[in-house]
Amino acid sequence: PLPPIYAITPTYSRPVQKAELTRLANTFRQVARLHWVLVEDAARRSELVSRFVARAGLPCTHLHIPTPRRYKRPGLPRATEQRNAGLAWLRQRHQHLPPPQPGVLFFADDDNTYSLELFEEMRTTRKVSVWPVGLVGGRWYERPVVENGKVVGWYTGWRADRPFAIDMAGFAVSLQVILSNPKAVFKRRGSQPGMQESDFLKQITTVEELEPKANNCTKVLVWHTRTEKVNLGNEPKYHLDTVKIEV
Ligand code: UDP
Ligand code: MN
């Protein structure tokens, strides 16, 4: 059987949330053996996401953990606690099972755009695999630079000093690596903007060890799209609609 893919998605309440989750579910539903780990940035599971998960049509685990207020500031990394909650769930679920435990972990933000081919590529991850990400870092794409099948550097326009100059959407990790590095987590302390990926990856791998995917990192199969903030400027203060509709 195919190794399962665990997609960890942090998500938070906002006008476009259900639309984003719908787009994601429509993609993920087409991927074999994909298990969706949705982690709400909230003190409790919301009704909207609970209802959504029940009808999503694919295996889902619905977690929640709120980001402490002091970390909800522009310039600070987002979704640290949520990704760690997903990692903790994954480790707990497998801790009493004997190896080898096939599986691949991928951090799937709720606003990106994922091709189906991306999942075929990451499925064969042995330790940590990498690939280009489109529309990120102020460029058309960022990508690992590959020579003779090995990653030797990074094509990026932003903070080229990063040890792993890669977006969250640009790598996958085998379950085995997650389980054999039980302390690897995303850190709040000392983590500067854009360093989350590097801080995490340096706990579990080296640049030499990375497995290039997507034809030696020459194809864009995922896009760091961002959804425009919705204009609700015409919402009525009075004369509300006669029915209450979830959007
Ligand atoms: N996110 C979250 N809480 C927040 C802000 C963001 O859980 O307060 C989630 C969001 O839903 C997404 C991920 O964290 O899945 C990354 O956030 P965003 O897409 O805003 O970051 P960017 O695209 O700017 O890297
Ligand atoms: Mn995003």
Side-chain angles (χ1 to χ4, degrees), residues 5-28 34-46 48-50 52-53 56 58 60-90 105-115 118 131-142 156-159 162 164-172 185-188 191-201 220-230 247:
I5 294 174
Y6 295 94
I8 296 182
T9 300
T11 186
Y12 70 111
S13 176
R14 60 207 192 276
V16 297
Q17 183 180 32
K18 193 176 178 185
E20 305 281 33
L21 295 180
T22 299
R23 285 198 310 145
L24 231 54
N26 288 349
T27 303
F28 290 171
L34 187 139
H35 187 117
W36 196 7
V37 183
L38 259 169
V39 192
E40 277 196 78
D41 181 353
R44 57 193 66 81
R45 290 184 183 86
S46 69
L48 185 147
V49 177
S50 301
F52 180 84
V53 158
L58 71 156
C60 291
T61 297
H62 181 187
L63 309 173
H64 67 93
I65 181 170
T67 303
R69 266 244 314 271
R70 63 185 177 282
Y71 295 135
K72 286 252 184 194
R73 277 197 284 128
L76 291 186
R78 303 186 182 108
T80 302
E81 290 74 19
Q82 290 72 31
R83 292 192 188 100
N84 285 340
L87 284 170
W89 174 85
L90 203 58
L105 161 71
F106 170 57
F107 293 105
D109 286 358
D110 63 3
D111 56 343
N112 294 337
T113 305
Y114 306 95
S115 73
L118 177 70
W131 51 78
V133 176
L135 312 181
V136 74
R139 290 205 174 169
W140 282 96
Y141 60 83
E142 285 182 346
T156 178
W158 184 70
R159 289 207 63 166
R162 290 174 290 164
F164 298 81
I166 197 168
D167 185 74
M168 206 61 79
F171 66 91
V185 292
F186 290 93
K187 298 196 171 72
R188 275 290 177 192
S191 183
Q192 307 159 31
M195 291 306 249
Q196 286 221 103
E197 294 86 349
S198 286
D199 281 341
F200 181 71
L201 286 170
V220 170
L221 301 176
V222 56
W223 296 262
H224 185 257
T225 44
R226 303 179 77 189
T227 306
E228 187 185 1
K229 200 166 181 280
V230 180
V247 182

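All values below were derived from every heavy atom in this structure, side-chain atoms included, with hydrogens, water molecules and symmetry-related copies excluded. Bear in mind that the values here come from a model prediction, so they are computed numbers and not experimental data. Order of listing sets the numbers, starting from 1, for every ligand and every atom in it.
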In this structure, atom 8 (O) of ligand 1 is nearest to the protein heavy atom Lys72 NZ, 2.8 Å
The protein heavy atom nearest to atom 14 (O) of ligand 1 is Ala79 CB, 3.3 Å
For atom 3 (N) of ligand 1, the closest protein heavy atom turns out to be Asp41 OD2, 2.8 Å
**Item:** Glu197 vs Arg162, salt bridge (Lys or Arg N to Asp or Glu O under 4.0 Å): CA-CA, chis, key distance, verdict
**Value:** CA-CA 9 Å; Glu197 294 86 349; Arg162 290 174 290 164; 5.4 Å; no
heavy-atom search around atom 15 (O) of ligand 1 in the protein gives Pro10 O, 2.6 Å
Verify salt bridge (Lys or Arg N to Asp or Glu O under 4.0 Å) between Asp41 and Lys72, making sure each step is shown before the conclusion. CA-CA 11 Å; Asp41 181 353; Lys72 286 252 184 194; 2.8 Å; yes
Below 4.0 Å from ligand 1: does a non-hydrogen atom of Thr67 turn up there or not? no
Numbered in order shown, the ligand 1 atoms found under 4.0 Å of a heavy atom of Asp111 are 19 (O), 23 (O)
At the 4.0 Å heavy-atom cut-off, does Thr9 count as touching ligand 1? no
Quiz item: Does the pair Leu21 and Thr11 meet the rule for a side chain to side chain contact (heavy atoms under 4.5 Å, CB included), with working shown?
Solution: CA-CA 9 Å; Leu21 295 180; Thr11 186; 3.9 Å; yes
message = So does Ala42 get a backbone contact from the side chain of Ser46, meaning a donor-acceptor N/O pair under 3.5 Å?
response = no
among protein heavy atoms, the one nearest atom 20 (O) of ligand 1 is Arg78 NH1, 3.5 Å
Taken to the nearest 0.5 Å, the spacing of Trp158 CH2 from Asp167 CG works out to 9.0 Å
Check your understanding: Taking C-beta and beyond as the side chain, do Arg226 and Leu135 meet within less than 4.5 Å on heavy atoms?
Key -> no
Do we see a donor-acceptor contact under 3.5 Å between the side chains of Trp36 and Thr9?
yes
Q. Looking at Arg83 and Asp109, does any basic side-chain N land under 4.0 Å from a carboxylate oxygen?
A. yes
Is the shortest distance from a heavy atom of His224 to ligand 1 less than 4.0 Å? yes
Any idea how Phe107 and Phe200 line up, ring-wise: parallel (<30°), tilted (30 to 60°), or perpendicular (>60°)?
-> perpendicular
A student checking ligand 1 against Thr11 at a 4.0 Å heavy-atom cut-off should list atoms 7 (O), 11 (O)
Atom 2 (C) of ligand 1 sits nearest the protein heavy atom Tyr12 CD2, 3.5 Å
Taking Ser198 for its side chain and Phe164 for its backbone only, find out whether a donor-acceptor pair lies under 3.5 Å. yes
* Asked: Does Arg83 reach ligand 1 with a nitrogen or oxygen that is under 3.5 Å from one of the ligand's nitrogen or oxygen atoms?
  -> no
*Is there an N/O/S atom in Asp110 at a distance below 2.8 Å from the Mn ion (ligand 2)?*
no
The closest protein heavy-atom partner of atom 12 (C) of ligand 1 is Asp110 OD1, 3.5 Å
closest protein heavy atom to atom 16 (C) of ligand 1 is Asp109 OD2, 3.3 Å
